[in-house]
**Student:** 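Take this structure first; my questions come after.
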Protein chains: 2
Amino acid sequence: MVFHTIPTETALLKTIQKGIIRLCLGLIEIERGLAMESKFAKLDNYDQKILALLQQDARMSHAEIGRQIHLSQPSVSERIKRLESTNVIRGYHADINPDAFGYQMTAMIRLSTQQGRPYADFVSQQAEIIDCYTVTGEDGAVMRVLATDVAHLQRLIDKLNRFGSTSTAIVLTTHVSGKAVSMPQA
Amino acid sequence: MVFHTIPTETALLKTIQKGIIRLCLGLIEIERGLAMESKFAKLDNYDQKILALLQQDARMSHAEIGRQIHLSQPSVSERIKRLESTNVIRGYHADINPDAFGYQMTAMIRLSTQQGRPYADFVSQQAEIIDCYTVTGEDGAVMRVLATDVAHLQRLIDKLNRFGSTSTAIVLTTHVSGKAVSMPQA
DNA sequence: TCTGAAAATCTAGTCTG
DNA sequence: CAGACTAGATTTTCAGA
């Protein structure tokens with residue numbers, strides 16, 4: 001066996017060079033990921049259209065989506081699979097009319113809570129509390145609740161008052177609820 | 001032909017009686033419809049389970065639902081069809097991660113609006129406004145908005161200030177969002 | 001409850017920018 | 001070379017008997 005030292009060195013250098021380039025590209029990627037618009041890959045036009053359609057009707061078939069956006073069914077399926085696995089699509093949910101359960105009113109309740117009171121458990125267990133956010137400012141939490149009638153709402157408020165003082169506004173009109181998420185406007 | 005006045009009168013009375021009873025029952029029905037839990041037929045246990053499953057996963061097949069609640073696929077299909085046609089199920093929607101569109105923050109904006117300013121159109125056209133409710137009290141409207149960054153949020157608020165004065169709270173934590181609707185608790 | 005027609009999804013293998 | 005397409009195989013879905 002013969003050793004060719006010179007060629008080996010060149011090869012080694014080349015390998016190192018390649019490695020450095022790859023490393024730099026990687027760092028740029030990471031920096032982008034941290035500084036830019038989140039960890040998500042950019043959504044192209046097709047992705048956006050797919051997401052728009054699935055937000056409108058989650059049960060639409062991949063073939064039908066393909067027909068509407070001029071893409072083949074396998075392409076659509078592949079994209080949807082990617083969107084699901086990267087958590088862009090978080091799930092598919094039926095939208096149920098609260099009236100069907102006898103809920104005749106909706107209210108927004110703001111809860112000004114003392115530090116350290118654990119209302120989170122209560123909130124997740126109470127069927128009537130549909131949304132709950134912790135926010136900046138005076139009101140520690142804002143929630144949207146369903147109630148069958150005024151008495152029911154009163155009972156809910158009483159329960160919440162254990163955690164702090166509340167302020168309730170009854171919903172008169174719902175202009176939009178759960179509008180489809182789409183690209184930010186200018 | 002022979003006239004039996006007495007029997008005819010009795011028959012007439014009977015008919016009137018029946019009519020009155022029917023009328024009363026009808027009125028009771030109507031009263032119930034107005035006073036009780038809305039115009040919706042009562043949901044039995046199976047319906048409730050079906051709704052729970054479809055809220056969890058809108059793409060679940062009827063057969064799979066049947067398997068989980070011990071009901072045949074045709075029964076499930078029939079029930080779902082009924083729930084859809086009576087508007088108990090209003091639709092099926094994909095739940096999209098706002099981060100994927102670059103939205104890095106959510107805010108609750110309260111808008112105290114002067115009477116008669118038509119913000120409804122603006123609200124429905126602005127992609128960033130996801131929910132918007134008219135409520136009782138000082139704040140005429142409460143909305144949930146998405147923003148890519150603080151500057152973006154500022155631009156939104158500026159636009160909204162055309163309609164009245166606003167008060168903004170930035171969402172720090174989302175405890176629950178769009179919890180499945182289910183029967184009211186005791 | 002069972003069964004068959006229709007549809008939806010998956011799997012290749014191929015092609016193009 | 002990633003991503004799109006066609007076509008065929010396979011599985012699912014749903015509705016009527």
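Side chains included, hydrogens not; waters and symmetry mates left out as well; all remaining heavy atoms used. Because the structure is predicted, anything quoted here is derived from the model rather than measured. Letters A, B, ... mirror the listed sequences (proteins, then strands); counts begin at 1.
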**Student:** For nucleotides 12-15 of chain D, list the nitrogen or oxygen atoms of the protein found under 3.5 Å from its nitrogen or oxygen atoms, one pair per line.
**Tutor:**
{"from": "D:dT13", "atom 1": "OP2", "to": "B:S61", "atom 2": "OG", "distance (Å)": "3.3"}
{"from": "D:dC14", "atom 1": "OP2", "to": "B:H62", "atom 2": "N", "distance (Å)": "3.3"}
{"from": "D:dA15", "atom 1": "N7", "to": "B:Q73", "atom 2": "NE2", "distance (Å)": "3.4"}
{"from": "D:dA15", "atom 1": "N6", "to": "B:Q73", "atom 2": "OE1", "distance (Å)": "2.8"}

**Student:** Separation of A:I50 atom CD1 from D:dA4 atom C1', in whole Å?
**Tutor:**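 Atom CD1 in A:I50 sits about 13 Å away from atom C1' in D:dA4.
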**Student:** CG of A:L43 versus P of D:dG3: gap in Å, rounded?
**Tutor:** 14 Å
**Student:** Have A:E84 and A:Y92 got a donor and an acceptor in their side chains that come within less than 3.5 Å?
**Tutor:** yes
**Student:** Which pairs, protein N/O on one side and nucleotides 14-17 of chain C N/O on the other, fall under 3.5 Å?
**Tutor:**
none

**Student:** Check side-chain contact (heavy atoms from CB on, under 4.5 Å) between A:A169 and all other residues, then give those that pass, not counting sequence neighbours.
**Tutor:** B:V135, B:T136
**Student:** A:D47 has an atom CG; how far is it from atom C1' of D:dA2, in whole Å?
**Tutor:**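 Taking CG of A:D47 and C1' of D:dA2, I get 14 Å after rounding.
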**Student:** Of all residues at least two apart in sequence or in a different chain, which pass the side-chain contact (heavy atoms from CB on, under 4.5 Å) check with B:N45?
**Tutor:**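 Checked B:N45 against side-chain contact (heavy atoms from CB on, under 4.5 Å); matches are B:Q48.
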**Student:** OP1 or OP2 of D:dT6 less than 4.0 angstrom from a side-chain nitrogen or oxygen of A:S72, does that happen here?
**Tutor:** no
**Student:** With sequence neighbours excluded, what pairs up with B:E64 under the salt bridge (charged side-chain N to carboxylate O under 4.0 Å, His left out) test?
**Tutor:**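 Partners of B:E64 under the salt bridge (charged side-chain N to carboxylate O under 4.0 Å, His left out) test: B:R67.
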**Student:** Distance-only, no hydrogens or angles: does the A:Q55 side chain make a donor-acceptor pair with backbone N or O of A:V181 under 3.5 Å?
**Tutor:** yes
**Student:** Cut-off 3.5 Å, side chains only: do A:Q154 and A:D158 have a donor facing an acceptor?
**Tutor:**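 Per modelled atom types, A:Q154 and A:D158 side chains form a pair under 3.5 Å.
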**Student:** A:D131: which residues meet the side-chain contact (heavy atoms from CB on, under 4.5 Å) condition with it, sequence neighbours left out?
**Tutor:**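 Partners of A:D131 by the side-chain contact (heavy atoms from CB on, under 4.5 Å) criterion, ordered by chain and then number, come out as A:Y133, A:R144, B:S177.
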**Student:** Please work out whether the ring planes of B:H175 and A:Y119 are parallel, tilted or perpendicular, with thresholds of 30° and 60°.
**Tutor:**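 B:H175 vs A:Y119 ring planes: perpendicular.
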